[in-house]
Amino acid sequence: MLVPEFQTSPGMRDILPPESARWRRFVEVFAQVSEAAGYGQVISPLLEDLGVFQRIGDATDVVTKEMYDFVDKGGRHIALRPELTASVCRAFVQHRPLTPWKVWYTGSQFRYEKPQRGRYRQFDQVGIEVLGADDPYLDVEIMALGWQFFRALGLSQVTLLLNSLGEPADRARYVHALQAYFEANLSSLSEASKVTLQKNPLRVLDSKRPEDAPLIAAAPRIAEFYSPLAAAHFEAVQAGLTALGIPFTIDPKLVRGLDYYRHTTFEYTGGTLESAQNALGGGGRYDGLVESLGGPSTPGVGFALGLDRTLIACDDEGVFAPPVTDVDVFVVDTTGGLQALQITDQLRAAGISADRAFENRSMKSQMKVADRSGAAWAVIVGSNELEAGEVVVRPMRTGDAHDSTQSGQTTILRTDLLEYLQKAMS
RNA sequence: GUGGUCGUAGCUCAGCUGGUAGAGCAUCAGGUUGUGAUCCUGAGGGUCGCGGGUUCGAGCCCCGUCGAUCACCCCA
């Protein structure tokens, strides 16, 4: 095999047609669902000051080990965004829009991880955030929009996992208790989890090592630490979901990766296969993040979905196939190509999609390409037609589509072509 | 970052205990005089991821490296 000198960097890839059209459609559907709920798109830079992301927390690998950061020519220490919530909050603090600020976004993010299927160093997400309202029904609205989006894609096997981390003080007391619990049972904890325990006791709950399972199962539950306010918020969220008929599973072990979360946290998991990468997306409430970025105390809630993982789930369920991008008309020209050049240009200008072959290939060859193009009509120009000022219009998708006889096709004046096609296609 | 598996034509793969590579699909061209399926014929396309080593000789063995993938980790 000829080895290319250059290839994509690890964990980065090219999205080619028709998959690229599917990506675009994916974002379009998300935009529809979001904008129908009053959300507007925010487009923020790929790069931010490193500090913006450091506010996310220092107990997460996303910030401590996985950032693409560098010093630019002006001496600023900046980073490729590893996530978008912090950028949105930064934008909020910078521009101070009216609240509640309801936005949606899409874009690439970067994390220096070891790549795997459904986990890339450059990956895309869609997401929504709302800043400036702490109504538990807003949490529900957010989750419901995600749910609607999955339904719009055709996914039916998504599970909604739900938990609450309580208020910051609740969370702190729980972390403390958890730490005490694990430390009292340190001997039966895996080595890796001992390390995790030092950094972030909550994350020990996420360990998938079998030897940790019994200890985790018997660990204290966050629910025992809720303040009355936190308990009320969580109950309202559950009541809202129930009122909307959205099924959910409470998972007390659900602690999201980024440690700015308060109260509600949730995650959508794909129904097929229990892969390590089956989390399609997730989110929650982060009532402290805006403040930590220098803004006023502002509640926030949102979620993000991974494009790749969600599309993998679509593949598994056999839904949301790449859109068909067939052209309306294929122009076959055996007289050198100038006719095809003019006809395709004329048709396109009139809103009829049209394609053609190049390099003046044989009629048979051009007809094969026309067939493959999926065009409903072939417009054929040979020397006879050119001389007579005519074109042949041949339907490609009717009855015996591959009949090589010339029945069904019509010869018309070249000047009548546009009108003929417009009529035939309406 | 740690460990396992894998890496042969554009794609999916075959290649027995080592003897200088094959199939299907795809592509292209023909099958008489200007027309798409199928069918028939033919053609192009690979220094077997890359680099070393062992051997008279390696796609098959060994080492390294790069990449993909799976698990851990992390998370979307």
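Per chain, numbering begins at 1; letters A, B, ... match sequence-line order. When reading the values below, keep in mind they use all heavy atoms of this one structure, side chains included, and skip hydrogens, waters and symmetry mates.
- Going from the C1' atom of B:A26 to that of B:U33 covers 31 Å, rounded to whole Å.
- Nucleic acid contact class of A:Val62 (heavy atoms, under 4.0 Å, all strands): sugar-phosphate only.
- Taking the side chain of A:Met363 as heavy atoms from C-beta on, and the options B:G36, B:C73, B:G34, the nearest nucleotide is B:G34.
- Outside the 6.0 Å centre-distance limit, the rings of A:Phe110 and A:Tyr112 are not counted as a close aromatic pair.
- In this structure, the side chain of A:Arg90 does not engage the main chain of A:Glu48 through any donor-acceptor pair within 3.5 Å.
- No donor-acceptor distance shorter than 3.5 angstrom exists from the side chain of A:Arg356 to the backbone of A:Val332, with no hydrogens or angles considered.
- Of the nucleotides present, none pairs with B:C73 by Watson-Crick or G-U wobble criteria with both distances under 3.5 Å.
- Within the 4.0 Å cut-off from OP1 or OP2 of B:C73, at least one side-chain nitrogen or oxygen of A:Ser207 is found.
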Between side-chain atoms of residues 372-385 of chain A and protein atoms elsewhere (two or more places apart, or another chain), which donor-acceptor pairs fall under 3.5 Å?
{"unit_1": "A:Ser373", "atom_1": "OG", "unit_2": "A:Ala370", "atom_2": "O", "d": "2.7"}
{"unit_1": "A:Ser373", "atom_1": "OG", "unit_2": "A:Ala375", "atom_2": "N", "d": "3.1"}
{"unit_1": "A:Glu385", "atom_1": "OE1", "unit_2": "A:Gly382", "atom_2": "N", "d": "2.9"}

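- Residue A:Arg203 places no side-chain atom within donor-acceptor reach of the base of B:C73, judged by atom type and a 3.5 Å distance cut-off alone.
- Looking at the side chain of A:Thr196, the nearest of the listed nucleotides B:C74, B:G34, B:G36 is B:C74.
- Judged by Watson-Crick or G-U wobble contacts below 3.5 Å, the nucleotide B:A68 has B:U5 as its partner.
- Mapping A:Arg111 and A:Val381 onto RNA chain B via the closest heavy atom, the residue that lands nearer the 5' end is A:Val381.
- For A:Tyr120, the listed nucleotide lying nearest its side chain is B:U69; candidates were B:U69, B:A29, B:G31.
- For the P atoms, the distance linking B:G53 with B:G1 amounts to 28 Å, nearest Å.
- Set against B:G3, B:A29, B:G34, the side chain of A:Lys114 has B:G3 as its closest nucleotide.
- A:Lys208 has its NZ atom 10 Å from the P atom of B:C75, to the nearest Å.
- In this model, no side-chain donor or acceptor of A:Arg117 finds a partner on the base of B:U69 within 3.5 Å.
- Between B:G57 and B:G64, the two C1' atoms lie 23 Å apart (nearest whole Å).
- The pair A:Arg285-A:Asp139 counts as a salt bridge, with a side-chain nitrogen and a carboxylate oxygen less than 4.0 angstrom apart.
- For the ring pair (Phe, Tyr, Trp, His ring centres under 6.0 Å) with A:Phe149, the lone residue among A:Phe320, A:Trp104, A:Phe30, A:Tyr268 that qualifies is A:Phe30.
- In this entry B:G18 has no Watson-Crick or G-U wobble partner, no candidate having both defining distances under 3.5 Å.
- Across all strands, A:Glu385 comes closer than 4.0 Å to base atoms (heavy-atom distances).
- Distance A:Lys364 NZ to B:C39 P: 13 Å, rounded to the nearest Å.
- Comparing B:U35, B:C73, B:G3 by their nearest atom to the side chain of A:Ile380 picks out B:U35.
- Picking from B:A76, B:A29, B:G36 the nucleotide with the shortest atom distance to the side chain of A:Glu113 gives B:A76.
- Comparing atom distances between the A:Arg119 side chain and each of B:C72, B:U35, B:G36 picks out B:C72 as nearest.
- At a threshold of 4.0 angstrom between heavy atoms, the contacts of A:Gly11 are confined to the sugar-phosphate backbone, with no base atom among them.
- One atom, CD of A:Gln116, and another, C1' of B:U5, lie 13 Å apart when rounded to the nearest Å.
- At whole-Å resolution of the value, CZ in A:Arg309 and P in B:C74 are 13 Å apart.
- Judged by atom type and distance alone, A:Glu66 does not reach the base of B:G1 through any side-chain donor-acceptor pair under 3.5 Å.
- B:G46 is unpaired under the criterion used here, namely a Watson-Crick or G-U wobble arrangement in which both key atom distances are under 3.5 Å.
- Rounded to a whole angstrom, the distance from the P atom of B:C56 to that of B:G24 is 38 Å.
- Pair check for B:G36 finds none; no Watson-Crick or G-U wobble contact set falls under 3.5 Å.
- Going from atom NZ of A:Lys194 over to atom P of B:C72 covers 20 Å, rounded to whole Å.
- Residue order along RNA chain B, read from the 5' end via each residue's closest nucleotide, puts A:Arg361 first among A:Ala375 and A:Arg361.
- Between A:Thr60 and B:C75 there is a side-chain N or O to OP1 or OP2 distance below 4.0 Å.
- A side-chain donor-acceptor contact under 3.5 Å links A:Tyr420 and A:Thr410.
- Between A:Asp49 and A:Arg55 there is no salt bridge, since no side-chain nitrogen of the basic residue lies less than 4.0 Å from a carboxylate oxygen of the acidic one.
- Between A:Asp124 and A:Arg309 no salt bridge is recorded (no basic side-chain N to carboxylate O distance below 4.0 Å).
- Of all nucleotides present, only B:C25 satisfies the Watson-Crick or G-U wobble test against B:G10, with each distance under 3.5 Å.
- We find that OH of A:Tyr112 is positioned 18 Å from P of B:C75, with the value rounded to whole Å.
- Nucleic acid contact for A:Asp124: none, since no nucleic acid atom lies under 4.0 Å from a heavy atom of the residue.
- B:U38 sits 16 Å from B:C25 when the C1' atoms are compared, rounded to a whole Å.
- Atom-to-atom, CD1 of A:Ile128 to C1' of B:A76 comes out at 15 Å; the value is rounded to the nearest Å.
- Taking every side-chain heavy atom of A:Arg394 into account, B:G36 is the closest of B:C73, B:G36, B:G34.
- Rounded to whole Å, the distance from CG on A:Asn360 to C1' on B:G34 is 12 Å.
- Separation of the P atoms belonging to B:A9 and B:U47 is 9 Å when rounded to the nearest angstrom.
- A gap of 27 Å separates the C1' atoms of B:G51 and B:G22, to the nearest Å.
- Spacing of P atoms, B:A68 relative to B:C28, comes out at 31 Å, to the nearest Å.
- Remark: the A:Arg372 side chain and the B:G36 base include no donor-acceptor N/O pair separated by less than 3.5 Å.
- When each of B:U35, B:A29, B:A76 is scored by its nearest atom to the side-chain atoms of A:Gln409, the top-ranked nucleotide is B:U35.
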